[in-house]
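Heads up, the thing below is written out as structure tokens.
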Amino acid sequence: MVTLQPFAMYAGGRQDMIVLAALLVCLIPTTIGALLSAIGIAGMDRLVQRNVLAMLGRAVEAAGDVSTLLLDKTGTITLGDRQADRFVPVDGVHETELADETPEGRSVVVLAKEQYGLRARHEGELGHAAFVPFTAQTRMSGVDLTGDDGAVRRVRKGAAAAVTGWVVERGGSVSPDAREKVDGISAAGGTPLLVAVDDVDGPRVLGVIHLKDVVKEGMRERFDELRRMGIKTVMITGDNPLTAKAIADEAGVDDFLAEATPEDKMALIKREQAGGQLVAMAGDGTNDAPALAQADVCVAMNTGTSAAKEAGNMVDLDSNPTKLIEIVEIGKQLLITRGALTTFSIANDVAKYFAIIPAMFAGVAGYEGLDTLNVMRLASSQSAILSAVIFNALIIIALVPLSLRGVRYRPMSADQMLRRNLAVYGLGGLVAPFVGIKLIDLLISLIPGIG
């Protein structure tokens, strides 16, 4: 205010400190400044209502700027409870051999029952079995069975490429019949699990287990919405490219990463970021931690490992990876609300010039022309300034519910959003002060000594 006074004196219109204070209060964007914290708190609250904890407030804002969304196929895009549909033996192998009803084969099932605390029906058959767990690197699991004669029978089940490599490494080969059945299941959108064995007869493929997976209802519509917002969706899966493509086409995602390893995920994120994109992803395992740490918005599942939760900047207490889409929508709504109220606030300030400036120089010699700007025809300079200050205080209170509730989210491009903001909040911000200040002035003018 001390700085503004010399300019006013130079113009020949020295102003009272009260007038200069009113000028500062009304003509700087106090509206949006007062509402910024409410908008941010509301965004955090909407996440909490969905059982998502944000470790950093900046992460919520970053979610609104996300342009690439990485989604796991299983459990996010598909239902995740894949079921074995049928056994497909190859090269004349009988289904009973593929299913393996021998005590050694049943021991795999018994071992799984033991792992989960279920009652085993075949006691004493696990003493010579060594379980091989599934990992993201090997993409297969199995069991090594040692017979009474010391011979070891190795059984492996997993991704076709991984099991094929395992067979070839041991001097075996995969027949064209097996490859054809794998490709057929993949092209149909199923997941082929190759089953192979290495025993006294050498390494060979027994057959393929056909797993069926179902795309969740409404996923295509949600991906269409994200596309209209300018967000690219990428499905990540350990399936082979044929299966991945079939599921991606059915779900409507923009791209997919098949046979993905932790290193592949990291490389994809870095490639997108190098192109200026903000990336969001969800994960729950230790092998997801490096990619989570690299992503701009990273949601860790509550049931995940400590490494994943430490790498993420959000934690989903329900461990539902589909919430990643909702988190992006909440971030978008936060930014839309901020943009709309900023537009309204700036338009407000422009309109208030027509109340304050003519009032400041009313009666000052040489500035009679400013009276043409007094389009509101306010009662007096004193009532004009007081009306503007009161309106400024009331409009902040009136906008608090909108900032907490948020502007209604609608999937649209940036150009469409800008035009909508200018039409609704820009025009509304210009009209509201003219109507509001004039009404307040009419009431103030009734007060003796002011009007």
Side-chain angles (χ1 to χ4, degrees), residues 47 50 52 59-80 189 191 213-262 264-284 288 291-292 294-301 312-314 316 319-336 409-417:
L47 283 180
R50 289 164 175 79
V52 178
V60 186
E61 300 177 16
D65 289 323
V66 163
S67 50
T68 301
L69 195 59
L70 306 186
L71 298 165
D72 279 329
K73 185 203 76 171
T74 305
T76 303
I77 296 174
T78 63
L79 292 176
T191 300
D213 211 347
V214 179
V215 174
K216 291 181 178 178
E217 186 177 354
M219 291 307 294
R220 176 173 284 275
E221 289 74 18
R222 299 196 75 173
F223 289 138
D224 288 341
E225 287 185 5
L226 291 170
R227 194 173 295 109
R228 286 195 294 272
M229 294 162 54
I231 296 177
K232 173 185 175 183
T233 51
V234 181
M235 181 184 77
I236 299 176
T237 177
D239 291 334
N240 64 65
L242 278 176
T243 301
K245 185 179 187 307
I247 296 294
D249 290 342
E250 183 180 352
V253 297
D254 298 314
D255 200 358
F256 64 87
L257 178 64
E259 298 179 342
T261 63
D264 293 333
K265 295 179 185 179
M266 176 74 81
L268 174 61
I269 294 173
K270 288 183 177 179
R271 188 164 60 249
E272 291 290 326
Q273 291 173 332
Q277 310 299 320
L278 260 70
V279 181
M281 74 165 289
D284 60 356
D288 290 328
L292 284 172
Q294 182 65 35
D296 300 287
V297 177
C298 34
V299 183
M301 302 297 103
N313 48 34
M314 294 186 192
D316 176 20
S319 299
N320 179 8
T322 58
K323 283 189 187 176
L324 186 57
I325 299 176
E326 295 182 43
I327 291 169
V328 171
E329 291 175 350
I330 290 172
K332 285 287 183 185
Q333 185 184 32
L334 187 150
L335 293 183
I336 291 170
Y409 163 76
R410 291 185 179 90
M412 60 181 66
S413 66
D415 291 341
Q416 292 174 319
M417 196 178 303

Look up atom [atom1] in [X] and atom [atom2] in [Y], then write down how far apart they are to the nearest 0.5 Å.
X	Y	atom1	atom2	result
Lys245	Asp239	NZ	CG	14.5 Å
Leu242	Thr191	CG	OG1	11.5 Å
Leu226	Glu221	CG	CD	12.0 Å
Asp249	Arg220	CG	CZ	8.0 Å
Arg222	Lys216	CZ	NZ	9.5 Å
Asp255	Ile236	CG	CD1	10.5 Å

With Val279, which of Lys270, Glu272, Arg271, Gln294 fulfils side-chain contact (heavy atoms from CB on, under 4.5 Å)? Glu272
Does [X] reach the main-chain N or O of [Y] with its side chain, forming a donor-acceptor pair under 3.5 Å?
X	Y	answer
Glu326	Arg50	no
Asn313	Ala295	no
Thr233	Leu69	no

With a 4.5 Å cut-off on side-chain heavy atoms, are [Y] and [X] touching?
X	Y	answer
Val253	Leu71	no
Asp72	Lys265	yes
Thr237	Ile247	no

Shortest non-hydrogen contact between [X] and [Y], atoms and distance:
X	Y	value
Gln277	Ser67	OE1-OG, 2.7 Å
Ile77	Ala251	CG2-CB, 3.6 Å
Leu47	Ile327	CD2-CG1, 3.8 Å
Cys298	Leu292	SG-O, 3.0 Å
Ile231	Asp254	O-OD2, 3.7 Å
Asp296	Leu278	OD2-CA, 3.3 Å

Tell me whether Asp224 is salt-bridged to Arg228, with the criterion being a basic N under 4.0 Å from an acidic carboxylate O. no
Asp316 vs Met301, side chain to side chain contact (heavy atoms under 4.5 Å, CB included): CA-CA, chis, key distance, verdict: CA-CA 5 Å; Asp316 176 20; Met301 302 297 103; 4.1 Å; yes
Please evaluate residues Met219 and Ile325 with respect to the criterion side chain to side chain contact (heavy atoms under 4.5 Å, CB included), reporting the C-alpha separation (whole Å), side-chain torsions for both, the decisive distance (0.1 Å), and the verdict. CA-CA 10 Å; Met219 291 307 294; Ile325 299 176; 4.1 Å; yes
Given side chain to side chain contact (heavy atoms under 4.5 Å, CB included), test Asp264 with Glu259 step by step and report yes or no. CA-CA 9 Å; Asp264 293 333; Glu259 298 179 342; 6.0 Å; no
